[in-house]
J.: 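Here it is, the structure, as structure tokens.
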Amino acid sequence: MRLRPVEWVLRAVVTVHMVAVFAQPVFAGVYLSGDFDGLGLHATGADVVTSLCLLQLGVAIGGWVRLRRAWPCLVTLALAVAETVQYFAGTAGALWLHIPLGVFTIAAVAVLFVAIWARPVARSVGKAAVDA
């Protein structure tokens, strides 16, 4: 099955988002090991992760419109909410929420990455789905 451009863009954005999300605990670990520059890296990483998630949401909305598949958009919307809550929990110092939500976010982005790459987003319903 041939993938459409929106599927390739979604795959690319999800992949970059996953790399950025997986870098966050590394930056936090740098900070916790005594290198205080790690906190700045973690804060910048939070901005990057949040921005990538919003970009991913825009692409997923485009995919919903173009491919008539809602699941990538709904999963990304849930991620955007979780990452926003996590962002503000981190800036407020609420580590009791920030850390577990970070673990959830990493797991959710990893599962989304596998789902996006394991199968096409669009349904293959005869020739109409391939030509659209």
Side-chain angles (χ1 to χ4, degrees):
M1 171 181 236
R2 202 178 76 197
L3 295 178
R4 292 180 224 160
V6 69
E7 290 177 280
W8 283 114
V9 172
L10 185 59
R11 282 181 172 188
V13 172
V14 167
T15 300
V16 174
H17 185 206
M18 187 186 73
V19 169
V21 164
F22 271 76
Q24 282 299 89
V26 174
F27 297 149
V30 168
Y31 169 67
L32 292 174
S33 70
D35 184 352
F36 295 107
D37 292 336
L39 186 59
L41 291 172
H42 189 67
T44 301
D47 293 336
V48 170
V49 166
T50 304
S51 298
L52 285 170
C53 191
L54 294 177
L55 174 64
Q56 182 178 312
L57 182 59
V59 173
I61 290 169
W64 188 355
V65 169
R66 180 77 176 109
L67 303 174
R68 306 288 187 245
R69 299 299 287 173
W71 72 265
C73 184
L74 298 175
V75 170
T76 302
L77 181 60
L79 274 171
V81 169
E83 287 182 10
T84 301
V85 171
Q86 183 186 8
Y87 185 96
F88 288 110
T91 58
L95 297 181
W96 62 269
L97 178 60
H98 183 71
I99 292 171
L101 202 50
V103 172
F104 165 78
T105 300
I106 290 171
V109 171
V111 169
L112 178 61
F113 172 82
V114 169
I116 289 291
W117 279 96
R119 61 191 172 120
V121 175
R123 288 178 277 175
S124 60
V125 183
K127 188 174 180 340
V130 175
D131 294 338

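We use all heavy atoms of the structure for the numbers below, so side chains are in, but hydrogens, waters and symmetry mates are not.
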J.: Give a yes or no on whether V111 and V103 share a hydrophobic cluster (residues Ile, Leu, Val, Met, Phe, Trp, Tyr; joining criterion: side-chain heavy atoms under 4.5 Å apart).
T.: no
J.: Keeping the roles fixed (side chain from R119, backbone from I116), state whether a donor-acceptor pair exists under 3.5 Å.
T.: no
J.: Identify the two heavy atoms, one from C73 and one from I61, that lie closest to each other, and give their separation to 0.1 Å.
T.: SG-CG1, 3.6 Å
J.: Testing the basics here: between C53 and E83, what is the closest heavy-atom pair and its distance to 0.1 Å?
T.: CB-OE1, 3.0 Å
J.: Same hydrophobic cluster for V49 and V81, using side-chain heavy-atom links shorter than 4.5 Å among ILVMFWY?
T.: no
J.: First locate atom CG of L101, then atom CG of L95, and finally report the distance between them rounded to the nearest 0.5 Å.
T.: 12.0 Å
J.: From L79 CG over to T50 OG1, what is the distance, rounded to the nearest 0.5 angstrom?
T.: 11.0 Å
J.: Report the distance from atom CG of L54 to atom CG of L52, rounding to the nearest 0.5 Å.
T.: 9.0 Å
J.: Looking only at heavy atoms, what is the nearest atom pair of P72 and L10, with distance?
T.: CB-CD2, 3.9 Å
J.: Locate the shortest heavy-atom distance separating G38 from Y31; write the atom from each residue and the value.
T.: C-CB, 3.7 Å
J.: When hydrophobic residues are tied together by side-chain contacts of less than 4.5 Å, even through go-betweens, does L32 share a cluster with I99?
T.: no
J.: Are V109 and F22 packed together at the side-chain level, in the sense that at least one heavy-atom pair is separated by less than 4.5 angstrom?
T.: no
J.: Using atom types as modelled and distance alone, determine if a side-chain donor or acceptor of H98 lies under 3.5 Å from a backbone N or O of G93.
T.: no
J.: Taking all non-hydrogen atoms of both residues into account, name the closest pair between F27 and L41 and its distance.
T.: CD1-O, 3.5 Å
J.: Quick one: pull up OG1 in T105 and CE in M18 and give me the separation to the nearest 0.5 Å.
T.: 14.0 Å
J.: If you look at every heavy atom in I106 and P25, which pair is closest and at what distance?
T.: CD1-CG, 3.6 Å
J.: Would you kindly confirm whether F113 and V59 end up in one hydrophobic cluster when ILVMFWY residues are joined by side chain heavy atoms under 4.5 Å apart?
T.: yes
J.: Dump the intermediate steps for side-chain contact (heavy atoms from CB on, under 4.5 Å) on R69 and V6, then the final yes or no.
T.: CA-CA 12 Å; R69 299 299 287 173; V6 69; over 6 Å; no
J.: Output the distance between atom OG1 (T76) and atom CH2 (W71), rounded to the nearest 0.5 Å.
T.: 8.5 Å
J.: Can you tell me if E7 uses its side chain to pair, donor with acceptor, with the backbone of R4 under 3.5 Å?
T.: yes
J.: Show your reasoning for whether side-chain contact (heavy atoms from CB on, under 4.5 Å) applies to Q56 and L112.
T.: CA-CA 12 Å; Q56 182 178 312; L112 178 61; 3.1 Å; yes
J.: Once rounded to the nearest 0.5 Å, what's the spacing between atom CG of L57 and atom NE2 of H17?
T.: 10.5 Å
J.: Is it true that V14 and L55 fall in one hydrophobic cluster, defined by side-chain heavy atoms closer than 4.5 Å?
T.: yes
